[in-house]
Amino acid sequence: GMNDEALNAKKTGMVILGGGLAKHHTCNANLMRNGADFSVFINTAQEFDGSDAGARPDEAISWGKIKINAKPVKLYAEATLVFPLIVAKTFARVVEEEKRKQKI
């Protein structure tokens, strides 16, 4: 399962859209390996209500769920709106550039 994958990985990263159980389980899997190397949380939750989704990356660092030397990001935004834009400007852009280079 996810815990075994995290334990056996050389490095791990978390891109978590929203919160709740999925965020909780993913962070805990990385706790067992002394923290994730990379972390991006995207949701609209705020810290004041005590929800799991609202927990900031510095709290995850204090629990050992994110490595202390990581540079985590918390983006306060609607994930279904911004995640496709992030993918388009990062990963998808690189793929398209590689395709163009191969045609030359």
Side-chain angles (χ1 to χ4, degrees):
M2 186 186 302
N3 291 340
D4 292 331
E5 293 290 328
L7 284 172
N8 295 318
K10 289 182 182 176
K11 289 189 178 268
T12 62
M14 303 184 290
V15 177
I16 300 177
L17 310 179
L21 186 62
K23 180 181 178 193
H24 178 76
H25 187 66
T26 304
C27 288
N28 281 348
N30 281 281
L31 171 68
M32 302 304 160
R33 66 175 307 280
N34 297 318
D37 299 282
F38 310 96
S39 179
V40 178
F41 297 163
I42 304 174
N43 62 54
T44 58
Q46 302 292 318
E47 187 177 23
F48 72 87
D49 67 1
S51 68
D52 185 86
R56 295 184 350 215
D58 57 335
E59 182 174 347
I61 291 170
S62 75
W63 281 87
K65 297 174 182 180
I66 299 173
K67 289 189 186 265
I68 197 160
N69 60 344
K71 295 178 182 171
V73 174
K74 164 94 186 229
L75 177 58
Y76 294 92
E78 171 52 46
T80 59
L81 176 66
V82 300
F83 187 66
L85 299 173
I86 292 168
V87 171
K89 286 304 252 181
T90 54
F91 306 107
R93 180 180 53 91
V94 172
V95 170
E96 289 302 316
E97 287 173 2
E98 288 299 318
K99 285 181 183 177
R100 276 189 231 120
K101 286 180 186 177
Q102 290 176 1
K103 288 181 183 179
I104 296 176

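Positions are given from 1 along the sequence.
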Report, one line per pair, each donor and acceptor closer than 3.5 Å where one atom sits in a side chain of residues 82-95; sequence neighbours left out.
| residue | atom | partner | partner atom | Å |
| --- | --- | --- | --- | --- |
| Thr90 | OG1 | Ile86 | O | 2.6 |
| Arg93 | NE | Lys89 | O | 2.9 |
| Arg93 | NH1 | Glu97 | OE2 | 3.2 |

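- One finds the CG atom of Leu31 at 12.5 Å from the OG1 atom of Thr26 (value rounded to the nearest 0.5 Å).
- Residues satisfying the side-chain contact (heavy atoms from CB on, under 4.5 Å) criterion with Glu47, sequence neighbours excluded, are Arg56.
- The heavy-atom pair separating Ile61 from Lys67 by the smallest distance is CG1-O, 4.1 Å.
- Across Ala45 and Tyr76, no two heavy atoms sit closer than the pair O-CE2, 3.3 Å.
- Of all the heavy atoms in Ala70 and Ala36, the pair that sits closest is CB-O, 4.1 Å.
- Here the side chain of Asn43 pairs a donor or acceptor atom with the backbone of Ala53 at under 3.5 angstrom.
- Summarising the geometry of Asp49 relative to Gln46, their closest heavy-atom pair is OD1-O, 3.1 Å, with the distance given to 0.1 Å.
- The side-chain contact (heavy atoms from CB on, under 4.5 Å) check on Phe38 picks up Lys11, with sequence neighbours excluded.
- Here the closest heavy-atom approach between residue Arg33 and residue Ala9 is recorded as NH2-O, 3.4 Å.
- Atom CG of residue Leu21 and atom CG of residue Asn28 lie 10.0 Å apart, to the nearest 0.5 angstrom.
- Under the 4.5 Å side-chain contact rule for hydrophobic residues, Val15 and Phe41 do not share a cluster.
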| task | Assess whether side chain to side chain contact (heavy atoms under 4.5 Å, CB included) is satisfied between Cys27 and Ile16, documenting all intermediate values. | result | CA-CA 9 Å; Cys27 288; Ile16 300 177; 4.1 Å; yes
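- A side-chain contact (heavy atoms from CB on, under 4.5 Å) with Asn30 holds for exactly one of Ile66, Thr12, Asp37, Asn3; it is Thr12.
- Taking NZ of Lys23 as the reference point, atom OG of Ser39 lies at 8.0 Å (rounded to 0.5 Å).
- When all heavy atoms are compared, the tightest approach of Leu7 to Met32 is CD2-O, 3.1 Å.
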